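Model, not experiment: these values are computed from the prediction. Here is how names work: the chains are called A, B, and so on, in the same order as the sequence lines, proteins then strands, and each is numbered from 1.
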There are 2 protein chains.
Amino acid sequence: MTAERVPLSRARVLGAAVAIADRDGIAALTMRRLAQDLGVEAMSLYHHVANKEALLDGVIEVVMAEIAEAVGEPVVEDWQAAMRARVLTARQVFLRHPWAARVLETRTSISPGVIAYYDGVLAIFRAGGFSYDLAHRALHALGSRALGFSQELFDLSDPAADAEAEAMVQELAEHFPHLAAMVAEIAHDDPDSALGWCDHQAEFEFGLDLILSGLERLRAEG
Amino acid sequence: MTAERVPLSRARVLGAAVAIADRDGIAALTMRRLAQDLGVEAMSLYHHVANKEALLDGVIEVVMAEIAEAVGEPVVEDWQAAMRARVLTARQVFLRHPWAARVLETRTSISPGVIAYYDGVLAIFRAGGFSYDLAHRALHALGSRALGFSQELFDLSDPAADAEAEAMVQELAEHFPHLAAMVAEIAHDDPDSALGWCDHQAEFEFGLDLILSGLERLRAEG
DNA sequence: CCATCAGGCTTACGTCGTAAGGCTAATCTT
DNA sequence: AAGATTAGCCTTACGACGTAAGCCTGATGG
């Protein structure tokens, strides 16, 4: 009695793709590896996704669906609290799929899931009394932060960089005095924060609240 | 009299790489193509860059050097105006190299050029009276915006998407009422802005000023 | 004057996405 | 019921990519 052959389907393909990226990183997501995980040959995947780009599009849709489920319907009172909650909820999903932000940024066509998410954001702004014009600018001001992530261009708390950073501190201090002083002071203030010398979640929320309160001021001024 | 054979050098390699990315996009930048443009075989490049990742690191250093030259020394009075100028100057460089932001985001190691740039940003904050702690949070709040770019997750003014967007307006209105209404109103207000229905430069500056003025408020409060 | 070696070149490998087309079993048509 | 269609798998093969290994040549330096 052999295991019943579950037929392939778009949903199974996308699900397996997400699983690979979660477990082994986005670089491990190749057509051959994906096929292998599904007990199938690579070319069989093309009956369910047009090509690799379409696969990545689909994977993003899976993530966006996860977000949509998590955030639910937009709340229509206290826009600032509603936005904050929506964004931080979406962020949880991106923290579960660390590769997803980068993939999302490489999509060339507009994803329905992302559009739907932003429509919900707009609903909150409008219910909070924003003009379309201000809401529009608010969307741009938030950028990817509206979805719960922001690009970190360099991560001083990256453990991989620690050793080399340690050795670099001397010349760092010479060439980059302000940065060196800041790192020294902040590291001293917070010697063993749970998330390293700088807590990304706290920093993210700081930036988010800074923008939200700025927007509230503009809204109130009319 | 044959054309004098200019010997290869790291600088020539990186320069040619930037030229290819500028002209034909970052996807066209392959080792073979780069070698071809330099009148050389692909493997010869490896005498001047360790591998392709190192090539991309180097290319970013070229861009950051361009920025360093453009922004000059940090100005130490009127921090807000100084930051604004520094960021918008850096932005000009990224607008000349549209591929550079994406490449920068994929660097795994911290680039000295980027560090130097941020050190200048910190100098401005400090001269403006920021504590290290607030300056640190300010850096995170700005994120890549400090360098002059922000991730646009979908670009409604993308000409490539225009046709499909046009056809999509009907169902857009059904499923995404707020977004549809916003697009309709804003497009109507500004029927032929030079840069399409939404001017990225204006949106960028809006977001930047929103953050900068929020930071100024926090700084003034102490 | 000869040894070293920097800086080119040639060849070749393994991995990737995917084009072309074959086989089989389920489904649909008449 | 029987024949035609097709969905959904597989096999084979191609061209592009990054790059390992090693050859060749002309300048340099003891």
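Here the side chain of B/Arg145 pairs a donor or acceptor atom with the backbone of A/Ala141 at under 3.5 angstrom. Side chain of A/Tyr117 to backbone of A/Ala146: a donor-acceptor contact under 3.5 angstrom is found.
Side chains of B/Glu185 and A/His136: no donor on one and acceptor on the other come within 3.5 Å.
The minimum heavy-atom distance linking A/Asp119 with B/His178 is given by the pair OD1-N, 3.1 Å. Scanning all heavy atoms of the two residues, the minimum distance from A/Ala173 to A/Ala180 falls at CA-CB, 3.6 Å.
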>> Treating primed atoms plus P, OP1 and OP2 as sugar-phosphate and everything else as base, which nucleotides of nucleotides 11-27 of chain C get B, S or - for protein heavy atoms under 4.0 Å?
In response: B----BBBBB-------
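Note on B/Ser44: every side-chain N or O is 4.0 Å or more away from OP1 and OP2 of C/dG7. In terms of phosphate contacts, A/His48 brings no side-chain nitrogen or oxygen within less than 4.0 Å of OP1 or OP2 of D/dA7.
Each of B/Val75, B/Leu215, B/Leu88, B/Leu142 was compared with B/Met83 under the side-chain contact (heavy atoms from CB on, under 4.5 Å) criterion, and only B/Leu142 meets it.
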>> I'd like to know whether B/Ile20 forms a side chain to side chain contact (heavy atoms under 4.5 Å, CB included) with B/Arg33, so could you lay out the CA-CA distance, the side-chain angles of the two residues, the decisive distance to 0.1 Å, and finally the verdict.
In response: CA-CA 9 Å; B/Ile20 289 175; B/Arg33 165 70 192 281; 3.8 Å; yes
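Remark: C1' of D/dA7 and CZ of A/Arg10 are 17 Å apart, rounded to the nearest angstrom.
Rounding to the nearest 0.5 Å gives a distance of 9.5 Å between CD1 of B/Ile60 and NE2 of B/His97.
Near DNA chain D, meaning a heavy atom under 4.0 Å away, there are no residues from residues 12-20 of chain A.
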